[in-house]
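Okay, structure first, notes after.
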Amino acid sequence: MDKIYKNLLKEIAGIHDVPMGAYNIRANGEAYGRNSTANIEIVPKTDSPGIDINIKAGTKNESVHIPVVISKTGLGDLVYNDFYIGEDADVTIVAGCGIHNPGETESSHDGIHRFFIGKNAKVLYLEKHYGETDKTGKNKMNPTTIVEMEEGSYMKMDTVQIRGIDDTIRKTSGKIGKNATLIIEEKIMTDKNQRAITDFNVELNGENASSHVISRSVANDDSFQEFRSRMEGNNLSQGHTECDAIIMGNGKVAAIPEILANHPDSSLIHEATIGKIAGEQLVKLQSLGLTEEEAEAEIISGFLK
Amino acid sequence: MLELKNVYYSVDENGKNKEILKNINIKIEDDFVAITGPNGSGKSTMAKMIVGIIKPTSGQILFDGKDITDLDITERANLGISFAFQQPVRFKGITVRQILSLAAGKDLNNDEACEYLSEVGLCANDYLDRELNEKLSGGELKRVEIAMIIARGTKLSVLDEPEAGIDLWSFQNLIKVFENMNKKYRGNILIISHQERILNIADKIILMEDGEISEVSDKDEILPRLLEISDQCKFLKGE
């Protein structure tokens with residue numbers, strides 16, 4: 001595995017080489033390595049680029065790594081990955097995409113992930129997006145995540161985009177069944193002229209369905225971010241969306257929430273806060289001996305932790 | 001150790017020049033000093049000026065003989081001045097352990113961080129990994145604020161109304177904390193307070209009125225007189 005791949009894998013998945021357990025590494029639009037286990041089967045699709053990940057019912061404490069790495073300029077990669085998670089399974093899925101763009105043309109990755117989560121199954125989904133460029137080539141990622149959750153299931157998505165992605169439109173939608181819970185925590189930082197649009201659409205369909213969508217973001221320099229969220233309560237259910245953004249330099253952030261109660265027992269909350277770092281936070285840390293720059297860095301790193 | 005010489009501070013208010021501090025001249029040496037006085041008398045302004053949040057319109061501030069008038073907050077902090085805010089600041093994502101580590105200037109292990117928290121009456125293990133966000137109560141934040149001062153252990157600690165927002169039970173313990181600090185860092189505390197019990201453990205009391213220092217006296221000399229006045233205006237009783 002070459003050095004660029006290794007570095008990208010470290011950034012997006014925290015791994016130094018091929019991961020343990022089930023994995024599928026996609027590099028420059030092609031399969032680079034794949035491993036199935038007794039409980040987790042990874043099968044390439046025949047009609048489109050991508051894979052099916054079949055996780056047997058009852059699979060416990062196993063993980064699947066499906067990183068995507070790109071090291072070419074001008075490459076447009078599109079992939080469809082479907083996850084079928086059996087009843088009572090409890091698994092961690094580590095996705096993520098890293099682009100090292102060596103040239104002057106745009107490279108992109110569009111990943112369409114669908115999750116079908118069986119009864120009482122539990123999924124932790126970690127996704128990190130990272131980009132770096134040698135010249136002027138832009139890096140673009142448009143992930144689409146579609147989640148369908150059966151009775152009693154639980155999913156937590158932690159998604160992070162900290163640097164090097166010039167343009168992104170992130171679409172996430174969830175249909176949540178009886179007693180099921182979807183938690184999404186998103187962290188985004190943009191700088192220079194980057195743009196990030198994130199769009200959530202959650203339907204609380206089953207009795208006692210619940211969801212929390214929490215987005216924390218920092219927009220620096222001349223970057224722009226837009227947070228859209230729509231949460232629909234169609235049953236006795238609880239939903240909460242929160243957009244919390246720090247603007248720095250000439251960064252701009254828009255928050256466009258919609259909460260829709262279609263049922264008398266649905267309870268929905270939206271909170272949005274946008275503003276620069278509070279002056280008193282800087283003063284407090286300066287009074288502990290930090291410079292203004294160190295104080296800013298400490299506040300941002302805590303906020304996006 | 002700390003000296004304010006001919007310090008004035010004024011602001012522009014609707015086109016008019018308003019003097020907030022007038023002709024402040026004090027010298028603080030190895031004392032536990034309390035500053036008291038009615039609301040709006042300039043106490044907090046003076047504290048902010050000592051730690052560098054605001055700069056005097058004219059005059060000079062000396063710390064250990066060095067002119068610090070033009071030094072910023074960070075530079076003064078690194079010289080050995082600490083400040084406990086009247087209203088502690090909340091931080092999303094920064095934990096109690098992290099802020100204490102920043103205050104101590106090194107990564108604290110559990111035992112070290114616990115020691116500071118125990119001093120302010122917080123059960124350490126319940127708090128170390130909690131964020132300084134809106135889930136902490138005002139009283140809890142206030143105690144963490146004071147724990148930061150202890151963790152810094154600097155030559156001079158300036159505390160702006162540490163009793164504000166603390167419940168009665170905790171207040172009793174807080175007095176013990178200040179007594180301990182006084183013993184440990186003898187002569188290094190400057191505390192703004194309205195509370196008789198805090199004034200009572202000070203060596204010296206500075207009385208401020210209308211932006212000026214109206215009196216600097218030993219506690220035993222001034223406190224009985226202040227309490228007499230307080231029977232009339234009740235501000236010292238916190239009632």
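A, B, ... follow the sequence lines: proteins, then strands. Residue 1 opens every chain. Nothing here was measured: the structure is a model prediction, and the numbers come from that model. Values reported hereafter were calculated over all heavy atoms of this structure, with side chains retained and with hydrogens, waters and symmetry mates removed.
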Give a yes or no on this: more than 12 heavy atoms of other residues, nucleotides or ligands lie within 6.0 Å of atom [atom1] of [X].
{"X": "A/Lys60", "atom1": "NZ", "result": "yes"}
{"X": "B/Asp107", "atom1": "CG", "result": "no"}
{"X": "A/Gln238", "atom1": "CD", "result": "no"}
{"X": "B/Lys48", "atom1": "NZ", "result": "no"}
{"X": "B/Lys55", "atom1": "NZ", "result": "yes"}
{"X": "B/Glu115", "atom1": "CD", "result": "no"}

Whether A/Gln281 side chain and B/Arg90 backbone form a donor-acceptor pair below 3.5 Å:
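Checking the backbone N and O of B/Arg90 against the side chain of A/Gln281, a donor-acceptor pair under 3.5 Å is found.
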Can a donor-acceptor pair be found, under 3.5 Å and without considering hydrogens, that links the side chain of B/Thr74 to the backbone of A/Leu290?
yes
So for [X], is it side chain, backbone, both, or neither that comes closer than 4.5 Å to the heavy atoms of chain A?
{"X": "B/Glu145", "result": "side chain"}
{"X": "B/Ile73", "result": "both"}
{"X": "B/Ile81", "result": "backbone"}

Do [X] and [Y] come close enough that some side-chain heavy atom pair is under 4.5 Å?
{"X": "B/Phe85", "Y": "A/Val283", "result": "yes"}
{"X": "A/Leu285", "Y": "B/Phe91", "result": "yes"}
{"X": "B/Lys92", "Y": "A/Arg216", "result": "yes"}

Contact winner vs chain B - A/Lys284, A/Gln286, A/Lys305, heavy-atom pairs under 4.5 Å:
A/Lys284
Most chain B-contacting option - heavy-atom pairs closer than 4.5 Å, from A/Glu294, A/Glu292, A/Glu298:
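Ranked by heavy-atom pairs under 4.5 Å with chain B, first place is A/Glu298.
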Looking only at heavy atoms, which two atoms of B/Ala77 and A/Ser287 are closest? And how far apart?
CB-O, 3.5 Å
Separation of B/Ile149 CD1 from A/Leu288 CG (nearest 0.5 Å):
8.0 Å
